[in-house]
Amino acid sequence: MSVGPYAPEKIEPKWQKYWLEHEAFKADEDHAKPKFYSLIEFPYPSGQGLHVGHPRPYTALDIVARKRRMEGYNVLHCIGWDAFGLPTENYAIKNHIHPSVVTRDNINHFREQIQKLGFSFDYSREVNTTDPGYYKWTQWIFLQLFKHGLAYKTEMPINWCTSCKCVLANEEVVDGVCERCGSPVVHKVKNQWMLRITAYAQKLLDGLDEVDYIDRVKTQQRNWIGRSEGAEVDFALKGLEEKIRVYTTRPDTLFGATYMVISPEHSLIDKLADRILNMDEVRAYQAEAARKSDFERTEMNKDKTGVPLKGIQAVNPVNGEAIPVWISDYVLTTYGTGAIMAVPAHDTRDWEFAKKFGLPIVEVVSGSEKSVQEEAYTDVQDGILVHSGFLDGLKVADAKKAIIAWLEEKGLGEKKVNYKLRDWVFARQRYWGEPIPIIHCAKCGMVPMDEKDLPLLLPNVEHYEPTDDGESPIARMTDWVKCTCPKCGGEARRETDTMPQWAGSSWYFLRYCDPHNDKVLADRKALDYWMPVDWYNGGMEHTTLHLLYSRFWHRFLYDIGVVGTPEPYMKRTSHGMVLGENGEKMSKSRGNVVNPDETIAEIGADALRMYEMFMGAFDQAIPWSTNGARGCRKFLDRVWRLQDLCVAGDEFRPDMRVLMNQTIRKVSEDFEKMKFNTAIAQMMTLVNTLYQKGSVCHAEYRTLLLLLSPVSPHICEEIWQQMGYGAPVYTQSWPRWDEKYLTEDEKEVAVQINGKVKGKIMVPVDMTKEQGEKELVLREDVKALVGERSLVKVIFVPGRLLNLVVK
RNA sequence: GCGGGCGUGGCGGAAUGGCAGACGCGCCGGAUUUAGGUUCCGGUGCCGAAAGGUGUAAGAGUUCAAGUCUCUUCGUCCGCACCA
């Protein structure tokens, strides 16, 4: 009798319906069981729908989630929609459809596509950031941040995207252009909502030591936070009251400071305007610097520019020497104090500047092979201080301590830690986002809305086009804007900026724990049970955006007692991109986008899932291959047809025992390490072997189906049912391997003569290194390989090889 | 510029310092088939008819043994990029 053809188009919808109806993947409310919380980044439901890049991380964590359930864990595995944001709004404007309608349609399309892939999400916990029942709590968290002084509004230069007509966070500016649309970013001074993420710089840094993130994620976050240790030092100005305070990481080189530089925006310039002799030149330089975009400024960083402040002299506090003061745009106004002491002998940038403008270069740290006139000596390990008075003879590290102690004693400065991290620009002048629940009252200032009045609903506006004046389209809604002050009852105005897209995604994983709660963002008991997330996978592009932001919010919620753990995610991994078949990034404009719907129509969701995992190392970018995907379908066909080869047997057959146990171990271990490609290769090897034998017994088939089910669940359920193997696969236990049966009694090892393979011999697996080296050389087949030559040395590596060194 | 990763067949890629190229794609051959974008079996790094030789970006080194460790060079990808 022969089984019919494998027809994924029939069995996949069947099992998807079955799982849904039987609530197969509903997280259990029973908090006594061990839990496992796996998380993927919830998608932004764009108009284009899914491409084959989406299922890669989704399948990977679906495999982990399905395996964990079979291992007995209560698993929380959810999906939701990060649905506020610019592309939807832009699409809505272009097509004259309300963003909420666009969002609803896109979500329905996404959900349909995702369900066709057979992921084991608990759909009863779906969240949507644009749902007022959800963003009520996004606004609530904002109010807590506001009440704790972590949300504030301030006048400051911001990044302005000329195309989105919207401010951007520093994290959204890449190489001087908008990370979303690639348009140039210019600086504008605006009154902006900010979140004080800098207050959490050290906590965010320290927290990284407590979690299991892949190295490149930790490194990138550490770089972004950018902690440095040094000192702030005051430099007096000759004949003036004012001082210049600088930040330096090399206070040990203070004796080598031969000039100072302040940023073009430094406030001192205006204060000293009447003392600066070349003010015209200075003003011209300031104007030039202000005109440059970030992009131009970094582009031109090879050639230093600057202007001396004529008539101004500073005094080096350690030796009393008068030194000139310059302005230059290589000193940033936003870092440290916006002023530096320049030590050209031991800082490359200062060295370049000094060379260009003929400023003196004085060596204060010795140890360089080259003269400091030829090259700056920046080593901090081996250098010894010279020409530095009381610091002479000290190593750099010791000199730092000594000079800081001296500065502090004299009241000239103190130890200081600095971070590159800047506060988070938190407002957008666009329509499709969470309204900021703040009321501006002429009498009371900025007043938070009463929490019981949340959510503050987004008004239904007629026109949501962005405006050129930098105001949100909501500002035109005078009825909505006008309100009464909750404090004094007087007439007041609502804040009209909305929150950035990163707001809703900064806490969605908390909502999954208790998605329908209308009293709190999530019940504390549910949070205590499910949190932290055990395994979070997402894109590298979110490392210094969503991942950092959500860690900040979570640590804040921990500090105010809303959640019970400081860190939200225990483990973070990252997937590689799926490239187009031509090796280029998949994009509509390149015309190389592969739509999963079409792939499913051709080979089925199970084969697609399998190929997504088999295509290569999970963390690498891999080009799509239609033929490669078809190969996975061929493999599933073979698994399907094994039904015809099935013979009796409730235990592994003796000649299959070792391979079966090896496969269980390999698949189990490789899934944990995200080495899905080699796990699948091992299952292919097993199936090839079964075909060579011409049969499979029930025990072997059952095991294969259990191992394969996390990757390709529908086909496994179907065969399982057809073979009458009992309750569905997802309710079965994960197979275990038996250490006893991982190796055969005898194993073939290579015989090398002087490191070259010359033959093979069979050796008992339990033969030790010592035994082998003594006994194997006595064997006739080994002697024959040695011949007349004399043995110098014998190396036996059990299970691997025998190497004979001869002369 | 600085820091880190990577470099293996025609392609995607395997390999705790221990038989390089698992597995898949592609290709070649055989069988089944009216037919094949089916299935099954076999082959497939390169040179060579074979014996054999040779081979993991290039060059050196350590080792009985190197794709794997060390150094130099080249290429490539990523991170940081005037952060004092």
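Below, chains carry the letters A, B, ... as their sequence lines are ordered, and counting in each starts from 1. On a predicted model such as this, the values are computed, not experimentally measured, just so you know.
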Ring pair (Phe, Tyr, Trp, His ring centres under 6.0 Å) partners of [X], counting only residues at least two apart:
X        : value
A:Trp351 : none
A:Tyr200 : A:Phe552
A:Trp640 : A:Tyr6
A:Phe255 : none

Q. Think A:Lys420 has a side-chain N or O under 4.0 angstrom from the OP1 or OP2 of B:G79?
A. no
(Q) With a 4.0 Å cutoff (strictly under), does any side-chain N or O of A:Ser228 reach OP1 or OP2 of B:A84? (A) yes
Integer-rounded Å distance: [N] [atom2] and [X] [atom1]:
X        : N     : atom1 : atom2 : result
A:Lys673 : B:A14 : NZ    : P     : 13 Å
A:Leu636 : B:U39 : CG    : P     : 13 Å
A:Met615 : B:G13 : CE    : P     : 9 Å
A:Asp637 : B:C40 : CG    : C1'   : 14 Å
A:Ile622 : B:C6  : CD1   : C1'   : 13 Å
A:Gln620 : B:U76 : CD    : P     : 17 Å
A:Met341 : B:A84 : CE    : P     : 12 Å
A:Ile327 : B:C82 : CD1   : P     : 18 Å

Which value, in whole Å, describes the distance between the [atom1] atoms of nucleotides [N] and [M]?
N     : M     : atom1 : answer
B:U38 : B:C6  : C1'   : 41 Å
B:C25 : B:C2  : C1'   : 41 Å
B:G4  : B:G13 : C1'   : 23 Å
B:A14 : B:A22 : C1'   : 5 Å
B:G67 : B:C27 : C1'   : 26 Å
B:U8  : B:U54 : P     : 23 Å
B:A20 : B:G55 : C1'   : 9 Å
B:G17 : B:U56 : C1'   : 15 Å

Using a 4.0 Å heavy-atom cut-off across all strands, classify [X] as base, sugar-phosphate, or nothing.
X        : result
A:Tyr691 : sugar-phosphate
A:Lys675 : sugar-phosphate
A:Ala617 : sugar-phosphate
A:Glu748 : base
A:Thr249 : sugar-phosphate

Q) Hey, which of these two, A:Val749 or A:Gly616, hits RNA chain B nearer its 5' end, going by closest nucleotide? A) A:Gly616
[X]: partners by side chain to side chain donor-acceptor pair (under 3.5 Å), with sequence neighbours left out:
X        : answer
A:Gln220 : none
A:Gln752 : none
A:Lys783 : none
A:Glu598 : none

Ignoring the backbone of [X], work out which of [options] is nearest its side chain.
X        : options             : result
A:Asn803 : B:G79, B:A65, B:A84 : B:A65
A:Lys760 : B:C19, B:A14, B:G79 : B:C19
A:Glu602 : B:G37, B:C82, B:G79 : B:G37

**Q.** Salt-bridge contact A:Glu602-A:Arg633 (side-chain N to carboxylate O under 4.0 Å)
**A.** no
Q | Where at least one partner belongs to residues 572-581 of chain A, residue pairs that pass salt bridge (charged side-chain N to carboxylate O under 4.0 Å, His left out), sequence neighbours excluded | A | A:Glu41-A:Arg572
**Q.** Footprint string (nucleotides 20-33 of chain B, 5' to 3'): B base within contact, S backbone only, - free, heavy atoms under 4.0 Å
**A.** --BBSSS-------
Q. Has the side chain of A:Ser388 got a donor or acceptor atom that lies under 3.5 Å from a matching backbone atom of A:Leu385?
A. no
Q: If the plane angle is over 60° it's perpendicular, under 30° parallel, otherwise tilted; pick one for A:Phe357 and A:Phe353.
A: tilted
Q) Do you know which two heavy atoms are closest between A:Met674 and A:Ala60, and how far apart they sit? A) CE-CB, 4.2 Å
Q) Which of residues 791-801 of chain A have a heavy atom under 4.0 Å from RNA chain B? A) A:Lys793, A:Ile795, A:Val797, A:Arg800, A:Leu801
Q: Stems involving RNA chain B: give each as a range paired with a range, ordered by first number, where a stem means at least three consecutive Watson-Crick or G-U wobble pairs under 3.5 Å.
A: B:1-7 with B:74-80, B:10-12 with B:23-25, B:26-31 with B:39-44, B:45-47 with B:52-54, B:57-61 with B:69-73
Q.
Applying the side chain to side chain contact (heavy atoms under 4.5 Å, CB included) criterion to A:Leu254, which one of A:Leu407, A:Leu391, A:Val343 satisfies it?
A. A:Leu407
Q: Could you classify B:G26 for me, syn or anti, using a glycosidic angle within 90° of 0 as syn?
A: anti
